[in-house]
Amino acid sequence: MTIQSKKTRYIILMLIMAINISMLTGCGAEEKKTVKIESVQDFNDKKLTIGVISGYIFGEEVETYLPDAKTKVYYSREEAYKGLQIGEVDGVADDEPAIRARMRSDDSVSMADGYVDSSEYSFLFQKNEWGETLSKQFSEYIAKLKESGELAQLDEKWFGKNTENKVSEDYSTLPDTNGTLNITYEGADVPFAYTSRDKPVGYEIDIAIGFCKEYGYGLNIVKREFQDTLEGIKSGEYDAGCGAITITEARKKDYCFGAADYEGGIGICIRSVNNSALEDKSKNEFERSVKKTFLDHDRYKLFLKGILLTLLITICSVLGGTILGVIFYILSKRGNGVVRLIIRMITGFIHFVPAVMLVMLIYYSFYSRLTTGGIIAAVSAFTFVFSDDVYRVILKNAKARKNDELQEQYRLEYIDTKEFFDVLFKRKYAVIDDYKEKIITLIKMTAVVGYVSVQDMTRVFDVVRRESLETMTPLIATTALYFLLILIITVIFDRIGNSEPKNKEKKKVSEENTKEE
């Protein structure tokens with residue numbers, strides 16, 4: 001038998017195996033469809049698989065209360081729900097509020113009846129007399145909302161499918177008759193307390209505003225990490241915290257809780273039974289995704305704002321960094337020994353510290369309490385980063401020209417500074433190209449600005465993804481915007497670079513014509 005015929009047999013054998021596996025998989029999927037799922041308890045079945053998210057307690061709860069169910073671990077919510085969509089799992093264990101938020105924007109999913117385990121959410125207060133007073137007032141207020149039906153109305157507003165009313169009122173003008181409350185939120189607990197259009201909004205934000213109105217408090221809402229909230233409330237820096245905070249016996253030892261403003265638990269998200277229109281929907285999936293990403297709630301304005309903010313940070317940093325970099329170079333050549341040592345220490349520190357750490361260091365040290373603190377911190381940090389780049393570009397190109405007209409000039413002791421830079425920035429040197437590359441690198445580095453909650457393009461992607469529950473379309477859009485910005489910068493500098501030789505050629509021709517005359 002020839003080698004060719006052996007290869008043919010192997011290929012045929014592999015195709016047969018693939019077909020068999022496909023048929024077996026199809027049969028398995030068909031068998032799963034025969035299992036009717038209505039409640040959480042229906043998942044206590046070895047034929048069904050529940051997707052659980054790594055890092056959460058969902059897996060432990062499922063194993064405890066549904067011991068016969070199989071589980072599949074995912075490393076993010078998006079992965080888990082994608083697994084549900086393509087049929088890898090029959091359900092996804094998640095917090096009920098998160099499931100309801102997804103149901104609001106995706107008709108293809110619903111929630112099984114009941115809970116894997118129930119839980120209650122409330123505001124967190126200090127464990128002292130002042131905290132007990134606030135928690136008592138808060139409990140009275142929640143009881144009043146339940147009795148009047150207003151709490152149910154808030155539930156419908158924030159958990160319902162209507163997307164036009166997801167706005168909290170302005171609280172900045174509340175009268176502070178009895179003082180001002182400092183309340184924290186984490187910023188991503190949709191729909192309890194999250195950031196939208198740079199403002200705190202949500203179910204519990206509305207409750208906080210109503211509570212302060214009722215008891216004559218002014219209100220100041222600050223965004224903090226949950227661990228910072230816990231430490232800040234314990235130390236008395238903040239009066240309360242909100243954002244789907246679960247009431248637990250362990251937390252009650254160190255904090256006061258008001259009455260539960262929401263009762264829920266860990267539910268299981270399933271594919272909707274009434275999804276006959278899914279096939280038609282899938283045909284228009286791209287159109288629907290684009291609409292949710294850009295048109296709903298005028299989200300395209302967020303992308304425009306993100307572009308402008310990214311450009312603002314870049315332009316300010318380039319201008320400031322260029323000036324500072326030139327100053328660093330001049331001082332490094334003309335300064336005395338102490339000055340030169342200081343310059344080396346400063347540029348060395350900037351050079352070896354990651355940009356994201358520099359941004360966060362400046363932000364949390366000086367500007368975290370300012371409304372525009374993120375922007376100021378970003379501009380400051382990237383100005384320092386770009387100044388180091390400019391300093392090293394000049395240093396490298398000047399040293400590389402020791403053997404020509406910069407041989408005696410690059411140290412700056414012997415020439416006029418302006419003359420030096422006129423010579424250095426001639427097109428035949430690589431300064432322009434290096435400068436362009438550093439600006440491109442700077443634009444890429446602005447992607448870390450989202451760490452301090454500035455609404456640059458990466459932050460916009462995160463906001464749109466969280467609100468629309470779309471991932472790929474916002475991600476592709478953000479990537480395309482960065483690509484276009486970098487392309488524009490490249491074209492501009494290429495034109496600058498190509499224009500100088502042409503000018504020199506014209507000047508040379510002009511001089512020759514003059515000589516001939």
Side-chain angles (χ1 to χ4, degrees), residues 120-155 157-158 165-187 189 191-248 251-263 368-373 453:
E120 295 179 327
Y121 308 100
S122 182
F123 281 53
L124 199 67
F125 301 97
Q126 299 171 20
K127 189 76 170 181
N128 54 26
E129 186 177 348
W130 171 237
E132 289 175 0
T133 299
L134 286 177
S135 65
K136 182 179 178 181
Q137 291 176 341
F138 184 83
S139 298
E140 292 172 353
Y141 180 67
I142 293 299
K144 180 181 176 181
L145 291 185
K146 288 180 179 178
E147 185 177 350
S148 65
E150 292 179 65
L151 198 64
Q153 292 173 11
L154 288 176
D155 184 286
K157 172 183 176 180
W158 291 103
N165 61 347
K166 303 292 189 288
V167 179
S168 295
E169 64 179 287
D170 181 16
Y171 57 85
S172 60
T173 58
L174 288 178
D176 55 352
T177 308
N178 296 317
T180 298
L181 296 186
N182 291 307
I183 297 180
T184 69
Y185 78 118
E186 197 168 7
D189 299 300
F192 281 85
Y194 61 101
T195 303
S196 178
R197 314 296 191 274
D198 294 332
K199 296 179 180 178
V201 298
Y203 174 78
E204 288 190 333
I205 298 296
D206 277 5
I207 290 175
I209 294 171
F211 172 71
C212 288
K213 280 184 179 179
E214 181 77 11
Y215 289 92
Y217 297 116
L219 179 59
N220 180 40
I221 301 177
V222 293
K223 186 176 178 182
R224 292 290 181 269
E225 296 295 330
F226 187 60
Q227 190 59 40
D228 294 335
T229 289
L230 295 178
E231 294 173 1
I233 292 176
K234 187 178 288 188
S235 68
E237 183 178 0
Y238 310 119
D239 299 293
C242 68
I245 300 176
T246 306
I247 301 174
T248 66
R251 288 174 181 165
K252 284 182 179 179
K253 296 176 182 178
D254 298 312
Y255 306 93
C256 287
F257 283 97
D261 58 61
Y262 190 90
E263 297 178 6
S368 62
R369 297 187 181 280
L370 298 180
T371 304
T372 57
S453 303

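Everything quoted here is computed from the prediction, not taken from an experiment.
When every heavy atom of Lys127 is checked against every heavy atom of Lys252, the shortest pair comes out as NZ-O, 3.1 Å. Nearest approach of Ser148 to Leu145, heavy atoms of both residues: OG-O, 3.2 Å. When all heavy atoms are compared, the tightest approach of Leu181 to Asp239 is CA-OD2, 3.4 Å. A pairwise comparison of heavy atoms in Val167 and Trp158 identifies N-CH2, 3.6 Å as the closest pair. Counting all heavy atoms, side chain and backbone alike, Ser196 lies closest to Val201 at CB-CG2, 3.7 Å. Residues Cys242 and Ile183 approach most closely at SG-CG2, 4.1 Å, considering heavy atoms.
Partners of Phe192 by ring pair (Phe, Tyr, Trp, His ring centres under 6.0 Å), not counting sequence neighbours, listed by chain and number: Tyr121, Phe159, Tyr203, Tyr262.
Between Tyr141 and Ile207, some side-chain heavy-atom pair lies under the 4.5 Å cut-off. With contacts defined as side-chain heavy-atom distances shorter than 4.5 Å, the pair Ile247/Glu120 qualifies. Side chains of Glu132 and Phe125 form no contact here, defined as non-hydrogen atoms less than 4.5 Å apart. When side chains are defined from C-beta on, Leu219 counts as touching Ile209, because their heavy atoms get closer than 4.5 Å. The shortest side-chain heavy-atom distance between Arg251 and Ile245 falls under the 4.5 Å cut-off. Taking 4.5 Å as the limit, every side-chain heavy atom of Lys234 sits out of range of all side-chain heavy atoms of Gln126.
Put simply, the side chain of Ser122 gets close to the backbone of Gly258: a donor and an acceptor are under 3.5 Å apart. Distance alone, capped at 3.5 Å, places no donor-acceptor pair between the Asn182 side chain and the Val222 backbone.
Inspection of the Asn220 and Thr180 side chains reveals no N or O donor paired with an N or O acceptor under 3.5 Å. No side-chain donor from either of Glu204 and Tyr194 sits under 3.5 Å from a side-chain acceptor of the other. A donor-acceptor pair shorter than 3.5 Å can be found between the side chains of Tyr185 and Thr195. Under 3.5 Å, the side chains of Tyr217 and Gln137 contain a donor-acceptor pair of N or O atoms.
Note that CG of Leu124 and CD1 of Ile233 are 4.5 Å apart. Values are rounded to the nearest 0.5 Å. In this structure, Thr184 OG1 and Glu225 CD are separated by 10.5 Å, a value rounded to the nearest 0.5 Å. Note that OG1 of Thr133 and CG of Asn128 are 8.5 Å apart. Values are rounded to the nearest 0.5 Å. Distance check, rounded to the nearest 0.5 Å: OG of Ser135 to CH2 of Trp130 gives 11.0 Å. Going from atom OG of Ser168 over to atom CD1 of Ile205 covers 6.5 Å, rounded to the nearest 0.5 Å. Ser172 contributes atom OG, which lies 7.5 Å from atom CG of Leu174 (distance to the nearest 0.5 angstrom).
Residues Phe138 and Phe211 bring their aromatic ring centres within 6.0 Å.
Taking 4.0 Å as the cut-off between side-chain N and carboxylate O, Glu150 and Lys144 do not count as a salt-bridged pair.
The local environment of NZ in Lys157 is crowded, with over 12 non-hydrogen atoms from other residues, nucleotides or ligands closer than 6.0 Å.
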(request) Evaluate the salt bridge (charged side-chain N to carboxylate O under 4.0 Å, His left out) criterion for residues Arg224 and Glu237: first the C-alpha distance (whole Å), next the side-chain angles of each, then the deciding distance (0.1 Å), finally the verdict. (result) CA-CA 12 Å; Arg224 292 290 181 269; Glu237 183 178 0; 5.4 Å; no

